[in-house]
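FYI, the numbering just counts along the sequence from 1.
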Amino acid sequence: IAHLGAVQVDSLAKTVTATGWVNQTEGPIEVLACGLKGKVHESVFVLALNPLDLQAALLLAGLKGGVPMAAIGEGPPSGAPVDILVEWQDGGETKSARAETFVWNAENNAVLPETPWTFTGSVVKDGQFKALAEESLVVTYWDPYAIVNLPLPCGSDDELLSVNTHTVPPYETPVTFRFTPR
């Protein structure tokens, strides 16, 4: 297991691990997980890491990014599929759920279906690594600057998705994200 800052890469299991906490337990979202200085007002989780380390770790795990999207909300995203599992402790018991189970789609009045996310990889623009500037790590609203995007069509609409209040652990519950290439 190698460490890139706060991110772990298990090259044998091809798994990338990062830790953080529950940031939002209700309301509209555009982001599943952001960094400390990211869009915390619309993110379910915050991961305490350097976005450069996360992107490098996912590349080391064998993921390949796709063609960058033209603009926010324009897609769909392209790149390698990646499963994201979120783990937390509840009364001494380890619980886990797929990342998409924390997202509610108002249009369908249902939780998102099981689907791999898309490793798009962030971009360098005007000499700046955009995921480092924006700290958008895993997004539900398509974002060319984010590292991982939701591939579903609802990702094009910033008003459809909210926190799934039925599954999200309590506010500030510590969580572990496990990214595994499909």
Side-chain angles (χ1 to χ4, degrees), residues 1-51 53-55 57-58 61 63 81-119 131 135-141 143 146-152 154-155 158-182:
I1 295 178
H3 293 266
L4 295 172
V7 181
Q8 287 185 348
V9 185
D10 184 332
S11 51
L12 290 177
K14 297 263 191 242
T15 302
V16 173
T17 307
T19 59
W21 56 88
V22 175
N23 175 67
Q24 190 174 332
T25 57
E26 62 184 355
I29 58 167
E30 292 183 12
V31 182
L32 182 75
C34 69
L36 296 168
K37 296 179 183 157
K39 298 175 182 175
V40 293
H41 63 286
E42 54 195 8
S43 182
V44 183
F45 301 99
V46 170
L47 299 180
L49 54 78
N50 181 325
D53 295 337
L54 179 61
Q55 178 144 325
L58 292 168
L63 292 169
V82 59
D83 287 319
I84 305 172
L85 197 65
V86 181
E87 296 176 354
W88 69 97
Q89 293 293 312
D90 183 10
E93 182 184 346
T94 300
K95 299 222 171 168
S96 67
R98 293 183 59 87
E100 55 274 19
T101 64
F102 299 102
V103 184
W104 189 263
N105 183 333
E107 186 176 54
N108 299 341
N109 198 29
V111 67
L112 291 182
E114 185 174 307
T115 187
W117 294 66
T118 301
F119 172 72
E135 296 202 28
S136 291
L137 308 174
V138 180
V139 297
T140 55
Y141 179 50
D143 184 346
I147 296 172
V148 177
N149 273 267
L150 180 70
L152 302 173
C154 58
D158 66 348
E159 297 183 2
L160 284 183
L161 305 177
S162 62
V163 179
N164 182 357
T165 57
H166 305 290
T167 57
V168 72
Y171 177 65
E172 292 187 339
T173 297
V175 296
T176 299
F177 267 58
R178 294 195 194 288
F179 299 85
T180 308
R182 264 270 167 116

OG on Ser96 to CG on Leu85, rounded to 0.5 Å: 4.5 Å

Side-chain touch Leu161/Leu150, heavy atoms, less than 4.5 angstrom: yes

Closest contact, heavy atoms only, Val139 versus Asn149: CG2-OD1, 3.1 Å

Matching residue for Phe45 among Trp21, Phe102, Trp88, Tyr171 - test: ring pair (Phe, Tyr, Trp, His ring centres under 6.0 Å): Phe102

Within-4.5 Å side-chain heavy-atom neighbours: Trp104 and Asn109: yes

From CA spacing to verdict: side chain to side chain contact (heavy atoms under 4.5 Å, CB included), Ile147, Leu58: CA-CA 9 Å; Ile147 296 172; Leu58 292 168; 3.8 Å; yes

Leu160 side, atom CG; Glu107 side, atom CD - distance, nearest 0.5 Å: 5.0 Å

Shortest non-hydrogen contact between Ala18 and Leu49, atoms and distance: CB-CD2, 3.4 Å

Gln8 side chain near Asp10 side chain, heavy-atom distance below 4.5 Å: no

Nearest non-hydrogen partners of Pro151 and Thr118, listed with the distance: CB-OG1, 3.3 Å

Which atom of Val40 lies closest to which atom of Cys34, heavy atoms considered: CG1-SG, 3.7 Å

Within 6.0 angstrom of Glu26 CD, more than 12 heavy atoms from elsewhere: no

Nearest-0.5 Å distance, CD of residue Gln89 to OG1 of residue Thr176: 8.5 Å

Asn23 side chain to Ser43 backbone, donor-acceptor under 3.5 Å: yes

Stepwise side chain to side chain contact (heavy atoms under 4.5 Å, CB included) test for Asn164 and Val103: CA-CA 5 Å; Asn164 182 357; Val103 184; 5.9 Å; no

Atom pair CG (Asp143) and NZ (Lys39), whose distance is rounded to the nearest 0.5 Å: 5.0 Å

Side-chain heavy atoms of Phe179 within contact of Leu63, under 4.5 Å: no

Nearest-0.5 Å distance, CZ of residue Arg178 to CG of residue Asp83: 13.5 Å

Close side-chain approach of Leu32 to Phe177, heavy-atom, < 4.5 Å: yes

Distance (rounded to the nearest 0.5 Å) between Glu87 CD and Thr19 OG1: 12.0 Å

Heavy-atom check, side chain of Val82 versus side chain of Arg182, under 4.5 Å: no

Main-chain N/O of Thr115 paired to Arg98 side chain as donor or acceptor, under 3.5 Å: yes

Pro113 to Leu152 - nearest heavy-atom pair and separation: CD-CD1, 3.9 Å

Leu112 and Cys154, any side-chain heavy atoms less than 4.5 Å apart: yes

Considering all heavy atoms, the nearest Gln24-Val168 contact: O-CG2, 3.9 Å

Donor + acceptor pair across side chains of Glu30, Thr140 (<3.5 Å): no

Student check: side-chain heavy atoms of Pro51 and Leu137 closer than 4.5 Å: yes

